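Bear in mind the structure is a predicted one, so any value in this text is a computation, not a measurement.
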There are 2 protein chains.
Amino acid sequence: MTRDAAEVEAGPEAIRAARTSWRRRQIVEAATRLMEEQGFHDMLVSSLAREAGISVGTVYQYVNSKEGILLAVLEDVLDTYASEVPAAMAGLADPVERLAAGFLSYCRVIDAHRMAAVLAYRESHSLGREDLQRVIALEVATTGLLTAELEAGRAAGALRPHDPELVGWNLTMLAHMWALKHRHLGAYLDVDAYGRAQLSAVLCGLVVDAQRERYAALLEGPGSVAGPLAAPESLDGAR
Amino acid sequence: MTRDAAEVEAGPEAIRAARTSWRRRQIVEAATRLMEEQGFHDMLVSSLAREAGISVGTVYQYVNSKEGILLAVLEDVLDTYASEVPAAMAGLADPVERLAAGFLSYCRVIDAHRMAAVLAYRESHSLGREDLQRVIALEVATTGLLTAELEAGRAAGALRPHDPELVGWNLTMLAHMWALKHRHLGAYLDVDAYGRAQLSAVLCGLVVDAQRERYAALLEGPGSVAGPLAAPESLDGAR
DNA sequence: GTTTCAACTGAACCACCGTTCACACGAGGA
DNA sequence: TCCTCGTGTGAACGGTGGTTCAGTTGAAAC
C-alpha cells in the first residue's frame with residue numbers, strides 16, 4: 001500500500017509497472033506455497049487470493065486466468081535458472097570447471113525453488129500448447145549451457161568421447177532429482193553434498209586419465225565415489 | 001461378451017472374477033491412453049467410458065471413484081516393475097551382472113509403460129494419503145532391488161566404496177528419465193542403447209580397477225563412454 | 001469540499017462434471 | 001411363457017469453483 005521513494009520519484013506509468021510486478025510477485029509466491037501442498041488443480045483461486053492477502057478480483061487484474069498463474073510460477077523459476085547458472089560460470093575459463101560451477105549452481109537454484117521444480121513436472125501439461133513450448137524452450141536452453149561445456153571439454157581433450165546431449169540431460173535430471181526425490185535424499189544430505197557427489201559420479205566416467213589429478217577436487221566427491229585416493233571427512237555422521 | 005472355455009468350466013464366482021479383471025483392464029488401458037494426452041484432472045469419466053466402450057455406470061461398478069481409476073493405473077505399472085525386474089535378475093549370481101540385468105529390465109518396463117511412468121510423477125499427488133503411501137512403498141521396493149546388488153557388489157570387492165542408496169536412486173531416476181525426457185532422447189536412441197549407455201556411465205565410476213576387464217562388456221556402452229578401449233559400432237548413424 | 005478515477009472487493013452467476021439410480025436387457029430356471 | 005437377477009445404461013442431480021461486474025474505497029487534483 002505504501003510507495004517507496006523510487007516510485008514517488010518516477011512517472012505514473014513507472015508506478016503502475018512497479019505495482020504490477022509487486023502484485024505478480026505476491027501472486028507467484030502465494031501460488032507456489034499453495035501448489036506445493038495441493039497441486040495446481042486443487043488450489044482454489046479464492047484460496048490463492050486469501051494466501052496472497054488480496055481479493056479474487058485483484059488476482060484477475062494481474063493474470064488472465066488460473067492457467068496464467070501456473071505459467072507465471074513456472075516462468076519465474078525457469079528465468080532464475082537462466083540467470084543464475086551463467087552467472088556462476090562467468091569468470092571461469094576451463095570447461096570442466098565451468099561445467100562443475102554451472103551444475104552446482106543449478107542444484108542450488110533447484111533447492112531454493114524445490115516446490116516449483118516439482119510443479120514443472122506435475123503441472124506443465126496443463127499449459128496451452130504455446131506456453132508449454134516456451135517452458136520447454138527455457139529448459140532446453142539451460143541444459144544447453146551444460147552441453148556446451150561438455151563439448152568444449154571434449155574438444156580440449158579433457159573429457160573422453162561421449163554423447164554431450166545425453167550427459168547434459170543426465171546432469172539436468174540429477175539436478176531435478178534433488179527436488180523430485182527430496183523425500184528420500186533430503187533426510188541425510190544437503191544440497192552441496194548432493195551436488196558434489198553427483199558431479200563426481202558423472203565426471204569419474206568422463207575425465208581422461210591424464211587429467212584426473214588436475215580435477216582431483218571434483219572427482220573425489222563427498223560420497224567417496226572417487227575411489228582409493230579419497231577418504232575425506234565422510235558424510236556418514238549426517239545419516 | 002463371449003466367455004471362453006476356461007470360464008465356462010469354472011464356477012460362477014470364477015466367471016465373476018474373470019469379468020471383473022477384464023473390465024478393470026479395459027478401464028486401466030483406456031484411462032492410460034486418455035491421461036497421457038489430457039492428464040488425470042482433464043480426463044472426464046464420460047470420456048473414459050466412451051474410450052473403453054462402456055457406459056459411465058459400468059465404470060462405477062468396477063472402481064469406487066475417479067481417484068480409484070488413477071490408483072488402478074499406477075498400481076498396474078508398479079506391479080509390473082516388481083515382477084519383471086526380479087525375473088530378469090533371477091539365475092544370475094554375480095552382483096554386478098544382476099544389477100545390470102535389473103536396470104536394463106527396468107528401462108524396458110518403463111519403455112513399455114512410458115505414459116504410466118510419467119503419470120506417476122504428474123498425478124500421484126492426487127491420491128489420498130494412504131494410497132500415496134502404497135505407491136511410494138512400491139517404488140522404494142523396486143529401488144531396493146538395485147540397492148541390494150550395489151551393497152553386494154561392494155561387499156564382494158567388485159565396486160568401490162560408494163553410497164548405495166544414492167546410486168540406487170540414480171539408477172531409478174535414469175530409468176524414469178527415459179519416460180520423462182523421451183521427447184529429447186527418443187528421437188535418436190532406442191531403449192536398449194539408452195539403458196546400456198546409462199549403465200556404463202554409472203558403472204565407470206564404480207567398478208574397481210582390478211575388475212574393469214571382467215565387466216568390459218558393461219563398461220563399454222554404446223555411447224562409447226568407456227574410453228579408449230571401446231570404439232564399437234557407434235550410434236551416430238541413428239542420429 | 002468536491003470531483004475524479006484507478007485500484008480493489010467479494011457475492012453471485014452459471015457452466016461443468018463426478019456420481020447416482022431408476023430403468024432396460026437378456027440369459028437361465030421353473 | 002413368465003420370473004428372477006446379475007449386468008449394463010445414460011439422463012439427471014447437485015456441489016463445486018472459475019470468472020465477472022456492480023459497487024466501494026481512498027488518494028490526488030482542483
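Looking at Tyr194(B) and Asp111(B), their side chains never bring a donor and an acceptor atom within 3.5 Å of each other.
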_One character per nucleotide, please: for nucleotides 14-21 of chain D, 5' to 3', B when the base has a protein heavy atom closer than 4.0 Å, S when only the sugar-phosphate does, - otherwise._
---SSBB-
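Among Arg122(A), His41(A), Met35(A), the single residue meeting the side chain to side chain contact (heavy atoms under 4.5 Å, CB included) criterion with Leu70(A) is Met35(A).
Residue Arg16(A) places at least one side-chain N or O under 4.0 Å from the OP1 or OP2 atom of dA7(C). Listed pair Thr58(A) / dT9(C) meets the phosphate criterion, a side-chain N or O lying under 4.0 Å from OP1 or OP2.
Gln61(B) places its CD atom 15 Å from the P atom of dT19(C), with the value rounded to the nearest Å. Arg19(B) has its CZ atom 6 Å from the C1' atom of dT7(D), to the nearest Å. Note: CH2 (Trp22(A)) to P (dA7(C)) measures 12 Å, nearest angstrom.
Here the shortest heavy-atom pairing between Ala30(B) and Glu51(B) reads CB-CG, 3.6 Å.
Distances were taken from every side-chain heavy atom of Ile54(B) (C-beta onward) to each of dG8(D), dT9(D), dA7(C); the shortest belongs to dT9(D). The side chain of Tyr62(A) has dA7(C) as its nearest neighbour among dA7(C), dG8(D), dT9(C). Checking dG6(D), dG10(D), dC8(C) against every side-chain atom of Arg23(A), the shortest atom distance belongs to dC8(C).
Using a 30° and 60° split on the angle between ring planes, His184(B) and Trp169(A) fall in the parallel class, below 30°.
The number of heavy-atom neighbours closer than 6.0 Å to CZ of Arg33(B), taken from other residues, nucleotides and ligands shown, is above 12.
Inter-residue side-chain proximity for Arg24(A) and Thr20(A) is flagged as met; some heavy-atom pair is nearer than 4.5 Å.
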